[in-house]
Amino acid sequence: MLYSDKVMDHFNHPRNVGVIDDADGIGEVGNPVCGDIMKITLKIDDDKIEDIKFQTLGCGAAIATSSIVTEMARGMSLKDAVAITKKQVAEELDGLPPAKMHCSVLATDGLKVAVDDYLVKHGREPIAGEVKSADPNFDPHADEDDHDHDEA
Amino acid sequence: MLYSDKVMDHFNHPRNVGVIDDADGIGEVGNPVCGDIMKITLKIDDDKIEDIKFQTLGCGAAIATSSIVTEMARGMSLKDAVAITKKQVAEELDGLPPAKMHCSVLATDGLKVAVDDYLVKHGREPIAGEVKSADPNFDPHADEDDHDHDEA
Amino acid sequence: MDTPRRIYFDYAATTPVDQRVMDAMMPYFMEDYGNANSLYALGRDAYRALEDARERFAKGIGATHPSEITFTGCGTESDNAALLGITARKSPKGGHVIVSKFEHHAVLEPAHLLEKRGYEVTYLGPREDGIIHVEDMVVALRDDTVLVSIMHGNNEIGTIQPIKELAAAAHERGALFHTDGAQTLGKIPFDVAELGVDAASFSGHKIYGPKGVGALYLKRGTPFEPQILGGGQESKKRSGTQNVPGIVGFAKALELMLEDQAEESLRLAALREKLTNAVIERLENTEQSTTVDPAHRMPNIASLLIKGVEGEAMLLQLDNLGIAVSTGSACSSGSLEPSHVLLSIGCPPEIAHGSLRVSMGRFTTEADVDYFLEVLPPIVERLRSMSPVYDRMFGSSAR
Amino acid sequence: MDTPRRIYFDYAATTPVDQRVMDAMMPYFMEDYGNANSLYALGRDAYRALEDARERFAKGIGATHPSEITFTGCGTESDNAALLGITARKSPKGGHVIVSKFEHHAVLEPAHLLEKRGYEVTYLGPREDGIIHVEDMVVALRDDTVLVSIMHGNNEIGTIQPIKELAAAAHERGALFHTDGAQTLGKIPFDVAELGVDAASFSGHKIYGPKGVGALYLKRGTPFEPQILGGGQESKKRSGTQNVPGIVGFAKALELMLEDQAEESLRLAALREKLTNAVIERLENTEQSTTVDPAHRMPNIASLLIKGVEGEAMLLQLDNLGIAVSTGSACSSGSLEPSHVLLSIGCPPEIAHGSLRVSMGRFTTEADVDYFLEVLPPIVERLRSMSPVYDRMFGSSAR
Ligand SMILES: Cc1ncc(COP(=O)(O)O)c(C=O)c1O
Ligand SMILES: Cc1ncc(COP(=O)(O)O)c(C=O)c1O
């Protein structure tokens, strides 16, 4: 199994790591039991992604896809952002090993959840459709609500 | 599979090869279908083996066991000669590979048949007991009688 | 830094061929290249080399007779052959088999196949200490138990099973006993007579021998149905033209291991202790995967749980700095489940994902350990800082 | 004579590793020794070498995709896996299988095992010319025929089967087709696309590659149940840590074979004709084991029947003079029956015992052939003179 140079570049030098403190939208997906979890925070202005940051616990591919998706989404309209496919993410990274294709879902799902979070908070209809959000049972030390991204 | 030096010596320099023209006893055993056939001719005096010669078609072990058995039997009484066992033959050759142990039977059988041939010809009781003599069907070019050792 | 440092800490995965092993093999590639089954001089030379290697290998594991050693193509093949070959001859119509839950896949997969073929298989769990306990096996044994297969040293957590006691207890109930010795051969004492096993598997490339050669010990009289069929080589137990250089190299490699086994195992155990203790001291939320005492651990394997990081990410970061380690993370293998070994000793999956196996060997120095101890903490801290859940999951618990 | 002459005429049994193959392998023993399944740099280097070798090997046999190549531990393992693995997946409950009568034991023995497991097996005979004829196979094919396995070049008598036609006819009846290419790979054109086979087996040490490595071609989509189970290497088709040096060497060896295949096969065929014709001319009661025309013979194998002598004795006498050949005599193998190959083409046992296979290769020279022609007649004459039955059996017939 080999990662492309671009995957390794994004893994070694991930772009846009961190948390936007007063984020407009927050998405957290994945599950530590499965080994990876990702959180995306968005700053949104006029239905455009003005700023985007991520945090990821996961393998090389999980970190690289998180990083690249923040680069791809920055400046995009919300509609375009939720339309980013896992295939596009993988292509943007010059491919992913077959066993790692699922990681690119994590990144696009995180983005979708964050966008919908923003929309729902503002009383609007979600546009991204169903995605698997973070498993609420993963954190033994937290209150139930702590990691419900809708309320974080 | 390895032959001992002594086997190789007897194979490369077989002793007592040939046919005694006016033999007192003749033994032919084995079967070309099985790959080996041996003929022993004896010169007998006072129930002692005075001279012994062999001819063998067969593998290295068949030739070596034939050779050694002629050396062992020379000068022996008929009674002692027919008592030579395949184990003794193998031991005399510093051992035989397991897959080749059957070859030592060929040599002792040939000797037995030759001794009994002598005794029967002289109206005496055979002393060697049952052995498998040469298969009478092996020779497409010969008359039936040609290779019946009792009458050769 | 001119040449980047390159430190190999994955000796449990594979090892470089030792120069002396290479030297022993060399004549058999281009000069004494004969087929060991041929009758002419070149074949006899190969045969002699092969049988000499078999004799030395047999001696090295305490076998009574060289014919008890069958050379194979790898450790996996040996494990497969032991499980499938013994059951097929001893009890072809089915029966009960016991394997431990943390066997290598080379044992577990044939065990699954046996289930498909109608055998019943008990997957015996280790306790939290990472050891298969005799009492637990005794409970699992049945009158129709055909075969028990429990590995000697576990390749991930490095624990050593009490094979002698396990084998004796299995025999008491009439079961045969196989052990996978791929990890322990040459590293700690492995004597088939002392252990009392009926069968054991080994792999060349784990002990500075070549890849592509394995061995299977079958005690005389052990029922066995050959699994690779053909020309009848290896006394009909394993067909295929023998890999003479590989086999010669394997025997040489074993002899070299035995030459300094006692000192080397002490040396490595000290390095392991140093490394383990320092990591735990320097990094919060970090522990050994089992707390069993050092006497029950292989000298060369440190198994660490670095909580709140994912193993593959850690591995790749260490690799950037020239350090080769391994992890039981699912993501490193492309499967969804993390290491079945860690799960079997009760390690939760979210912790198992952050496991790190540091395995040491002949060329490991204290300087290597020091370098590792220098570079690991910043890597872990950086990855933890990138995690959305580290503080939530572990932030308060260990301070 | 100072150094005794040493002439190798048993290239069909095994070959020396070519120096260039050795050079290609060397880096992977002691430097790039990584496990190809490890994620760090050393593992990735091994992985790259492995996949590069797979690609080159695939190209060398005309495979569409590298993933169609599975590397194994030997040719025997490949043959076993093809027969057992394909049937187990395609038709696990049984069915009809066709193999030729003169297959290598690596195919015949698994065929016997299939019979034990409830499959019906037809053992298809060659005609007297030593060839499996399409018409004969067509008669044997049935609606429930799962798999046909017929070798490309026969290792004893050197005849080449019409694989393209055989495979097409098998496919017409819905059967899959496997061919054992161990003897022909690299020696005559072998292109899986051109031949149209679903599976094919190869062995490294037959083409100046190392012992202990084989390959199995499985056309994409060919049903296959892995036969060696464990860590899931080789895309789950063959578990066990890959023998990287061996595999790299195998791929290199194939490339070298292909480089001068056309010239080399002409050169060897000429030597074969010279040797065969001269032996027959100089020695009475001597013939080729088949009279098929040279176009249907492998260039490198001369198969002679020297009547009235036993093969092993002849072999050992030749060996005394430094010449290594092989024989189908039963006595050379410790079995009672002489070569099943010779019997299958109607050769009587008493003649088959005197068969001689002279197989030539890269380092064979015309001087070698001349020396052989010089020393063989006196050896044969001496052995015939020691036989109690030569004159009786053959004395009059051939004069
Ligand atoms: C305990 C154990 N058993 C079996 C094997 C399989 O050995 P190989 O990969 O040589 O087939 C290994 C190593 O991979 C191992 O660690
Ligand atoms: C036609 C044929 N098939 C299969 C094999 C088996 O190859 P190996 O001995 O490398 O397993 C051989 C050689 O022995 C052979 O000649």
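Chain letters run A, B, ... following the sequence lines, proteins first, then strands; residues in each count from 1. Keep in mind it's a predicted model, so treat the numbers as computed, not measured.
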Intermediate values then yes/no, side chain to side chain contact (heavy atoms under 4.5 Å, CB included), E310(C) and T56(A): CA-CA 10 Å; E310(C) 193 282 327; T56(A) 291; over 6 Å; no
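- Within a 6.0 Å sphere centred on NZ of K6(A), other residues, nucleotides and ligands contribute more than 12 heavy atoms.
- The shortest heavy-atom contact between G58(A) and A313(C) is O-CB, 3.4 Å.
- Each of G308(C), G354(C), P349(C) has some count of heavy-atom pairs under 4.5 Å with chain A, and the biggest count is that of P349(C).
- When all heavy atoms of P14(A) and M386(C) are compared, the pair lying nearest together is CG-CE, 4.0 Å.
- How far CG of N12(A) is from CD of Q317(C): 5.5 Å, rounded to the nearest 0.5 Å.
- The number of heavy-atom neighbours closer than 6.0 Å to NZ of K307(C), taken from other residues, nucleotides and ligands shown, is above 12.
- Among all heavy-atom pairs drawn from F11(A) and R382(C), the shortest one is O-NH2, 4.4 Å.
- Contact annotation for A61(A): only backbone heavy atoms (N, CA, C, O) come within less than 4.5 Å of a heavy atom of chain C.
- Scanning all heavy atoms of the two residues, the minimum distance from H353(C) to C34(A) falls at NE2-C, 3.3 Å.
- Taking a 6.0 Å sphere around NZ of K101(C), one finds it holds 12 or fewer heavy atoms contributed by other residues, nucleotides or ligands.
- The greatest number of non-hydrogen atom pairs below 4.5 Å with chain C, out of L57(A), V17(A), V19(A), D36(A), is found for L57(A).
- Separating the CD atom in Q55(A) from the OG atom in S385(C) is a distance of 8.0 Å, to the nearest 0.5 Å.
- Other residues, nucleotides and ligands contribute more than 12 heavy atoms inside 6.0 Å of the CD atom of E71(A).
- Separation of atoms CE (M8(A)) and CG (N320(C)) is listed at 5.0 Å; rounding is to 0.5 Å.
- Proximity to chain A (any heavy atom under 4.5 Å) is shown, for R384(C), by neither the backbone nor the side chain.
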